[in-house]
**Q** 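Encoded as structure tokens, here's the structure I'll be asking about.
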Amino acid sequence: TDRPLTVEGNLLVRGGTLVDGTGAAARAADVRVRAGRVAEIGADLAPDGERVIESSGAYVTPGFIESHSHFDGSMWWDPSCDPMPAYGTTTAVIGNCGLTVAPLTAAARSSMIELFCFIEDLPLLAFEHAIPWSWETWPEYRSAALDHPAALNVGVFVGHQALRTFVMGEEAWSRPASDAERAAMAQLLDEALSVGAL
């Protein structure tokens with residue numbers, strides 16, 4: 001179909017093989033969605049004014065969750081998150097490997113970006129210029145991400161190295177944290193978790 005699906009949309013997916021994610025065997029079933037939520041599953045459901053998608057010969061599944069990805073940067077320069085949605089992915093977990101783009105002070109940004117790009121083999125120039133960097137704290141990052149929606153839902157970890165560099169600056173790379181610094185990191189983590197970080 002040439003019309004994009006929207007979360008708010010009503011639709012009926014008919015004629016497919018349903019794999020419902022519960023571990024049950026695949027079965028022939030139609031799926032009705034109302035206001036972006038599955039409202040009914042059954043055989044031979046009659047259309048009720050919603051958009052109809054014929055899915056004969058296809059599997060109908062819940063969206064897949066990519067539990068380890070590195071779209072932390074690319075979701076800013078490619079909000080379509082290509083090719084993940086084409087594979088059925090609707091949610092990605094980012095911020096893996098202890099590296100995240102928040103919390104991150106402007107002073108610590110350069111060293112963190114270099115490490116991020118080295119470890120993940122990502123383009124340094126894109127990280128430096130295609131990400132708005134309008135945040136330092138995790139709540140500011142969340143706000144910026146909500147203003148720049150991506151095609152995927154994202155769950156974002158708070159990276160340990162981001163916490164260390166936010167509190168310790170460049171010394172995070174060369175020495176252990178003091179008790180006071182560890183307490184400051186714990187406070188930053190609590191703040192991030194309170195607004196939706198993982």
Side-chain angles (χ1 to χ4, degrees), residues 7 21 36 62-198:
V7 171
F64 297 126
I65 298 171
E66 174 56 61
S67 62
H68 187 132
S69 68
H70 294 282
F71 281 90
D72 312 66
S74 62
M75 65 183 254
W76 295 94
W77 63 78
D78 178 17
S80 70
C81 299
D82 185 49
M84 300 307 284
Y87 297 150
T89 299
T90 58
T91 302
V93 178
I94 63 175
N96 293 282
C97 303
L99 302 173
T100 54
V101 296
L104 188 58
T105 64
R109 188 178 307 140
S110 174
S111 60
M112 188 62 121
I113 289 172
E114 286 180 23
L115 178 63
F116 209 114
C117 291
F118 173 75
I119 289 177
E120 303 304 337
D121 193 25
L122 295 167
L124 185 62
L125 188 65
F127 259 77
E128 292 173 337
H129 299 289
I131 298 175
W133 299 113
S134 58
W135 64 84
E136 288 195 352
T137 68
W138 216 95
E140 292 168 341
Y141 164 74
R142 181 180 184 273
S143 179
L146 289 173
D147 288 342
H148 184 82
L152 300 176
N153 301 304
V154 291
V156 186
F157 282 116
V158 181
H160 178 68
Q161 193 60 43
L163 294 171
R164 284 180 55 82
T165 57
F166 191 93
V167 171
M168 300 172 64
E170 290 301 310
E171 292 184 21
W173 306 103
S174 60
R175 67 169 176 84
S178 68
D179 288 344
E181 288 165 335
R182 283 191 292 278
M185 288 179 226
Q187 185 176 5
L188 276 174
L189 178 59
D190 286 344
E191 175 186 58
L193 295 175
S194 74
V195 295
L198 303 178

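Residues: numbered from 1 along the sequence shown.
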**Q** Does L115, at its CG atom, have more than 12 non-hydrogen atoms belonging to other residues, nucleotides or ligands within less than 6.0 Å?
**A** yes

**Q** Minimum heavy-atom separation for A144 to S134, with atom names?
**A** CB-OG, 3.8 Å

**Q** Identify the two heavy atoms, one from E136 and one from E140, that lie closest to each other, and give their separation to 0.1 Å.
**A** N-OE1, 2.8 Å

**Q** Please find the pair of heavy atoms, one from S80 and one from A151, that lie closest to each other, and give the distance.
**A** O-CB, 3.5 Å

**Q** To the nearest 0.5 Å, what is the distance between CZ on R164 and CZ on R182?
**A** 9.0 Å

**Q** List, one per line, each side-chain donor-acceptor pair under 3.5 Å for residues 185-198, sequence neighbours excluded.
**A**
unit_1	atom_1	unit_2	atom_2	d
S194	OG	E191	O	2.7

**Q** For the CE atom of M75 and the CD1 atom of I131, what is their distance to the nearest 0.5 Å?
**A** 9.0 Å

**Q** Do W77 and F127 have ring centres separated by under 6.0 Å?
**A** yes

**Q** Are the side chains of M84 and F71 in touch, meaning some heavy atoms are under 4.5 Å apart?
**A** yes

**Q** Can you measure from CG (L152) to CD1 (I65) and round to the nearest 0.5 angstrom?
**A** 11.5 Å

**Q** Go through the structure and list residues passing ring-ring contact (aromatic ring centres under 6.0 Å, His included) with W133, not counting sequence neighbours.
**A** W135

**Q** If you measure from CG on D72 to CZ on F116, what distance do you get to the nearest 0.5 Å?
**A** 3.5 Å

**Q** Extract all donor-acceptor atom pairs below 3.5 Å that involve side chains of residues 165-173 and protein atoms in other chains or at least two apart in sequence.
**A**
unit_1	atom_1	unit_2	atom_2	d
T165	OG1	Q161	O	3.1
T165	OG1	A162	O	3.3
E170	OE2	S111	OG	2.9
E171	OE1	R175	NE	2.5
E171	OE1	R175	NH2	2.9
W173	NE1	S111	OG	3.4

**Q** Residues in side-chain contact (heavy atoms from CB on, under 4.5 Å) with H129, at least two apart?
**A** L125

**Q** What donor-acceptor contacts under 3.5 angstrom involve side-chain atoms of residues 88-103, with partners at least two apart or in another chain?
**A**
unit_1	atom_1	unit_2	atom_2	d
N96	ND2	S69	O	3.2
N96	ND2	V93	O	3.1
T100	OG1	A102	O	2.8
T100	OG1	G159	N	3.0

**Q** Can you tell me if CG on D147 sees more than 12 non-hydrogen neighbours from other groups inside 6.0 Å?
**A** yes

**Q** Could you list the residues that satisfy ring-ring contact (aromatic ring centres under 6.0 Å, His included) with H148, not counting sequence neighbours?
**A** W76

